[in-house]
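First comes the structure, then the notes that go with it.
Worth saying up front: this structure is predicted, and the values here are computed from it rather than measured.
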Amino acid sequence: IVYELRVEQTEVGVIMALSEYQPDIVLTPYSLTDTNAVKLLNSAQELGISAPFILMAFDLSEDIAIDMLAAGMEDYILRSTIKRLPIAIQKALQRRKTQIELERSSKSLKLAQHIAQIGSWELNPKDLTVWWSEEMYRIHGIEPQPIAVEFIRNITHPEDVNLFDNGFERIMNGEQTDFVYRLNIPETGQVKHVRGIGQLIKDGSGNIMRIFGTVQDVTAQVEAAERIETLSLVAKETINGVLIQDADGRIVWANRGFTDITGYSLGEAEGKEPWSFLAGEETMMNLVEETYAQIRNGHSFSSENVLTK
């Protein structure tokens, strides 16, 4: 094992070393000059230092050394087992590496859930207790607390309670379920649209092992779709002519107002550049060119021109 070593014998020295040196592992006897291993371990935990402690229990009985594990020691070495020290260090470092990787994965998962506004949940099939991820609490607008299925049902929009009940029943029947329903957020009164997905896992004997799923806040998507639908209805029914063109300027959609004004149906106009068939002798093509130039630059433009049929 390649290592760097720092030796401290007092409580102040050890605490400073833990903060400044940030060791990968700490080897400590039970008693130091003015403190003991348990106090040092507690101090390290209070400082958020998670380096594993191995107790050099040369002057302690094995029963006491085992009790020290309950206090948070990673391992202990007796005088009679000193040859085991390299292996104990390697195992402690590997466990610490695994722990760091798990913590990193957990943080990444929490960040990903927050960005995507997706929370995860799990239901204990034995007592129906519920576990929620942090994002689940944020979506539902509450602080972390014990959760029951009935609570979720109670904040479901009254018009969607049957939808929620049917979805939960399908999950319990072993069907993978995917549905959108609304929540009434207690603190703010806001109505949220959420997408719930749930699945039940059984073992080889047919016993329920896990019930888990996700909830995603899709309020923004639903409201955007509703706005688009409203705008589409306005564009469709207005007496003004409305065109939608692709990047090359060809018509992909026209409303009824366009047909009434020009006499061309969507079937006749689709795929064509408007002024290729609407321009006549009196059409001011300089205004047409200016219109396209302004649109290409992301600007709105208003003008009057002459069409032909």
Side chains of Ile155 and Pro186: does their closest heavy-atom pair fall under 4.5 Å?
-> yes
Residue pair Trp132 / Ile152, side-chain heavy-atom distance below 4.5 Å | yes
Following the transitive rule for hydrophobic clusters with a side-chain heavy-atom cut-off under 4.5 Å over Ile, Leu, Val, Met, Phe, Trp and Tyr, establish whether Ile201 and Trp131 coincide in one cluster.
-> no
Interatomic spacing from OG1 in Thr28 to CE in Met68 - rounded to 0.5 Å = 8.0 Å
Derivation and outcome, side-chain contact (heavy atoms from CB on, under 4.5 Å), residues Trp121 and Ile147 = CA-CA 10 Å; Trp121 57 267; Ile147 297 295; over 6 Å; no
Let me see the working for Arg195 and Phe179 under side-chain contact (heavy atoms from CB on, under 4.5 Å), right down to the final yes or no.
-> CA-CA 6 Å; Arg195 179 188 181 192; Phe179 61 104; over 6 Å; no
Would you kindly say whether Ser205 and Asn207 are connected by a side-chain donor-acceptor distance under 3.5 Å?
-> no
Non-hydrogen side-chain atoms of Gln221 and His193 separated by less than 4.5 Å | no
Show the numbers, then the answer: is there a side-chain contact (heavy atoms from CB on, under 4.5 Å) between Tyr292 and Glu273?
-> CA-CA 12 Å; Tyr292 282 131; Glu273 194 281 323; 2.4 Å; yes
Determine, stepwise, if the pair Ile77 / Leu55 fulfils side-chain contact (heavy atoms from CB on, under 4.5 Å).
-> CA-CA 6 Å; Ile77 299 295; Leu55 178 67; over 6 Å; no
Sidechain-backbone polar pair: Asp246 side chain, Asp248 backbone, donor-acceptor under 3.5 Å | yes
Ile185 and Met136: same hydrophobic cluster, using ILVMFWY side-chain contacts below 4.5 Å?
-> yes
Can you list the steps and then say if Tyr264 with Phe277 is a ring pair (Phe, Tyr, Trp, His ring centres under 6.0 Å)?
-> CA-CA 10 Å; Tyr264 289 98; Phe277 62 94; 4.7 Å; yes
Supply the atom-to-atom distance Phe258 CZ to Trp253 CH2, rounded to the nearest 0.5 angstrom.
-> 11.0 Å
Ile171 side chain reached by Ile211 side chain, heavy atoms, under 4.5 Å | yes
If you look at every heavy atom in Thr259 and Ser265, which pair is closest and at what distance?
-> OG1-CA, 3.7 Å
Is the closest side-chain heavy-atom distance between Val14 and Thr10 below 4.5 Å?
-> no
Distance only, no hydrogens: is a donor on one side chain within 3.5 Å (strictly under) of an acceptor on the other, for Glu290 and Gln294?
-> yes
Are any of the side-chain heavy atoms of Ile244 and Ile251 separated by less than 4.5 Å?
-> no
Between Ala44 and Leu18, the two heavy atoms sitting closest are CB-CD1, 3.8 Å
Asp24, CG: over 12 other non-hydrogen atoms inside 6.0 angstrom = no
Do the side chains of Leu163 and Val194 join up, straight or via other hydrophobic residues, at under 4.5 Å, putting them in one cluster?
-> yes
Minimum heavy-atom distance Leu200-Met172, with the two atoms named | CD1-O, 3.7 Å
If you round to the nearest 0.5 Å, how far is CD1 of Ile197 from OG1 of Thr177?
-> 9.5 Å
Look at atom CE of Met284 and say whether more than 12 heavy atoms of other residues, nucleotides or ligands are closer to it than 6.0 Å.
-> yes
Are any non-hydrogen side-chain atoms of Ile54 and Ile89 less than 4.5 angstrom apart?
-> yes
Give a yes or no on whether the backbone of Glu159 and the side-chain of His157 come within a donor-acceptor separation of less than 3.5 Å.
-> yes
If you measure from OG1 on Thr129 to CG on Leu123, what distance do you get to the nearest 0.5 Å?
-> 7.0 Å
Counting distance only, does the side-chain N/O of Asn297 pair as donor-acceptor with the main-chain N or O of His299 below 3.5 Å?
-> no
Are any side-chain N or O atoms of Glu20 and backbone N or O atoms of Ala17, one a donor and one an acceptor, separated by less than 3.5 Å?
-> no
With distance as the sole test, does Tyr137 use its side chain to make a donor-acceptor pair with the main-chain N or O of Gln145 at under 3.5 Å?
-> yes
Run the numbers on Glu135 and Arg138 for salt bridge (Lys or Arg N to Asp or Glu O under 4.0 Å), then give the verdict.
-> CA-CA 5 Å; Glu135 190 60 25; Arg138 278 192 283 267; 2.8 Å; yes
Derivation and outcome, salt bridge (Lys or Arg N to Asp or Glu O under 4.0 Å), residues Lys272 and Glu270 = CA-CA 6 Å; Lys272 298 177 182 178; Glu270 190 173 8; over 6 Å; no
Looking only at atom types and distance, does a side-chain atom of Thr283 sit under 3.5 Å from a main-chain N or O of Met285, one as donor and one as acceptor?
-> no
Under 3.5 Å donor-acceptor, Asp203 side chain and Met209 backbone = no
Nearest heavy atoms of His140 and Val215, plus distance in Å | CE1-CG1, 4.3 Å
Least distance between heavy atoms, Ile118 atom then Thr214 atom | CG2-CB, 3.9 Å
Side-chain donor-acceptor pair under 3.5 Å between Thr156 and Arg182, yes or no?
-> no
Crowding at CD1, Ile239 (>12 non-hydrogen neighbours, <6.0 Å) = no
Out of curiosity, Asp160 CG to Leu183 CG, how far, rounded to the nearest 0.5 Å?
-> 9.0 Å
Any donor-acceptor pair under 3.5 Å from Thr81 side chain to Arg84 backbone | no
Looking only at non-hydrogen atoms, find the nearest pair between Gln245 and Pro274 and report the distance.
-> NE2-CD, 3.4 Å
Does atom CD of Glu4 have more than 12 heavy-atom neighbours, drawn from other residues, nucleotides or ligands, at distances under 6.0 Å?
-> no
Can you check salt bridge (Lys or Arg N to Asp or Glu O under 4.0 Å) on Asp75 and Lys91, steps first, answer last?
-> CA-CA 10 Å; Asp75 204 344; Lys91 288 184 176 180; over 6 Å; no
Are Ile66 and Tyr30 connected, step by step, through hydrophobic side chains (Ile, Leu, Val, Met, Phe, Trp, Tyr) whose heavy atoms are closer than 4.5 Å?
-> yes
Please confirm whether the backbone N or O of Glu11 pairs with a side-chain atom of Asp34, one donor and one acceptor, at under 3.5 Å?
-> yes
Is there side-chain contact between Arg256 and Leu266, with at least one heavy-atom pair below 4.5 Å?
-> no
Please check if the side chain of Asn124 supplies one atom and the backbone of Lys126 the other of a donor-acceptor pair under 3.5 Å.
-> yes
Spacing of Leu41 atom CG and Glu46 atom CD [to the nearest 0.5 Å] = 10.0 Å
Cluster overlap Ile49 with Ile15, hydrophobic side-chain contacts below 4.5 Å = yes
Ion pair check, Glu134 and Lys110, cut-off under 4.0 Å | yes
